[in-house]
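Below is one structure, written out as structure tokens; the observations come after it.
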Amino acid sequence: MRFEKGHKAATRRHIIDVASKCVRQDGISATGIAGIMGEAGLTKGAFSPHFRSKDALVREALRSALSDQQRRLNEDQQRGLALEGAIRRYLNRAHLEDAAEGCPSAALLPEIARQPLSTRQDYEKALRSYVSSLAALLADADSATSRRRATAIFGLMVGTLQLARAVPDIVQAEQILEGGVEAALHLARV
């Protein structure tokens, strides 16, 4: 059977998109190749023409999720979104309830730390880029201090989202989110 030009690339992109959502929703360890391929509407046998291993797919899926997150922040900045808006866009109920489409750091950080070096290096590069974009929203945007503060703000945002996701009481979860917003804004003004 012959496929149209670009079919293989489109299929690969589809697998990466599905894997990105699956690993953020269920975790890297809990997500298997068969599940990803089934969710993508493909057989497990269709995996090997596209990826050498699950690690290779996870690396691509993580890279894709991080790139999407960076793109959204860049678009928000171009529309004039200030730091408070970026923090509130991250720490909100919609993000709380949609791990599959949300921040890969909040969904996967402990598992990312256990990934192969190449995956962790990709993560580190994306983290630096995201933090630089957050630092640009601070008053002293070009200083080393602003990058450290932006890193701390992002860490606070990630931890806040993780805590809020861990509690079953939505009222408590929303209070955790709002406390995180307040703390992040306080840190931004220091």
Side-chain angles (χ1 to χ4, degrees), residues 14-32 34-36 38-41 57-58 61-115 119-120 123 126-127 129-131 133-138 148-190:
H14 178 62
I15 295 168
I16 291 168
D17 290 344
V18 170
S20 177
K21 291 175 184 174
C22 288
V23 298
R24 284 182 282 169
Q25 181 64 47
D26 299 324
I28 295 168
S29 296
T31 303
I36 292 168
E39 190 71 25
L57 174 57
V58 166
L62 183 59
R63 186 182 297 152
S64 176
L66 291 164
S67 177
D68 289 346
Q69 182 179 26
Q70 181 69 53
R71 180 187 45 73
R72 284 189 300 272
L73 181 59
N74 291 346
E75 288 171 357
D76 285 346
Q77 285 177 310
Q78 289 172 356
R79 286 193 297 268
L81 189 72
L83 181 63
E84 182 172 353
I87 292 168
R88 288 190 182 280
R89 187 178 195 283
Y90 188 97
L91 294 175
N92 63 56
R93 188 167 177 173
H95 194 188
L96 171 78
E97 294 174 346
D98 194 5
E101 294 284 344
C103 175
S105 297
L108 301 169
L109 214 48
E111 289 188 282
I112 292 170
R114 295 181 187 96
Q115 293 303 299
T119 301
R120 291 183 295 124
Y123 176 79
L127 174 65
S129 177
Y130 192 82
V131 164
S133 295
L134 280 180
L137 297 173
L138 294 171
R148 283 194 306 273
R149 278 198 0 246
T151 301
I153 290 167
F154 183 60
L156 189 148
M157 291 163 49
V158 168
T160 297
L161 188 57
Q162 289 174 322
L163 282 173
R165 284 181 177 161
V167 299
D169 180 344
I170 193 63
V171 173
Q172 177 68 25
E174 287 179 337
Q175 289 172 350
I176 291 169
L177 292 175
E178 190 53 37
V181 169
E182 291 169 9
L185 290 173
H186 176 74
L187 186 55
R189 293 184 193 110
V190 172

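Along the sequence shown, the residues carry numbers beginning at 1. All values below come from the heavy atoms of this structure, side chains included, with hydrogens, waters and symmetry mates left out.
Results of the side-chain contact (heavy atoms from CB on, under 4.5 Å) test with Thr160 over Leu163, Val158, Leu156 single out Leu156 as the only residue that passes.
Atom-to-atom distance recorded for Arg89:CZ and Leu81:CG is 8.0 Å, nearest 0.5 angstrom. Of the inter-residue distances, the one linking Arg148 atom CZ with Leu138 atom CG reads 12.0 Å to the nearest 0.5 angstrom. One finds the CD1 atom of Ile87 at 11.5 Å from the CD atom of Glu182 (value rounded to the nearest 0.5 Å). Atom CD1 of Ile15 is separated from atom CD1 of Ile36 by 9.5 Å, given to the nearest 0.5 angstrom.
Annotation for Pro104 and Ile112: closest pair O-CD1, 4.1 Å, computed over non-hydrogen atoms. Considering all non-hydrogen atoms of both residues, Arg165 and Ala99 come closest at NH2-CA, 3.5 Å. The minimum heavy-atom distance between Leu96 and Ala173, with the atom names listed, is CD2-CB, 4.0 Å.
Atom CD of Glu39 has 12 or fewer neighbouring heavy atoms from other residues, nucleotides or ligands inside a 6.0 Å radius. Surrounding CZ of Arg114 are at most 12 heavy atoms belonging to other residues, nucleotides or ligands under 6.0 Å away.
Proximity of a side-chain donor or acceptor of Arg24 to a complementary backbone N or O of Ser20 within less than 3.5 Å is detected.
A tilted orientation is assigned to the rings of Tyr130 and Phe154, their planes being inclined by 30° to 60°.
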* To do: In sequence, state the C-alpha distance, the side-chain angles, and the governing distance for Asn92 and Arg88, and then conclude on side chain to side chain contact (heavy atoms under 4.5 Å, CB included).
  => CA-CA 6 Å; Asn92 63 56; Arg88 288 190 182 280; over 6 Å; no
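Remark: Arg93 does not engage Glu178 in a salt bridge, criterion side-chain N to carboxylate O under 4.0 Å.
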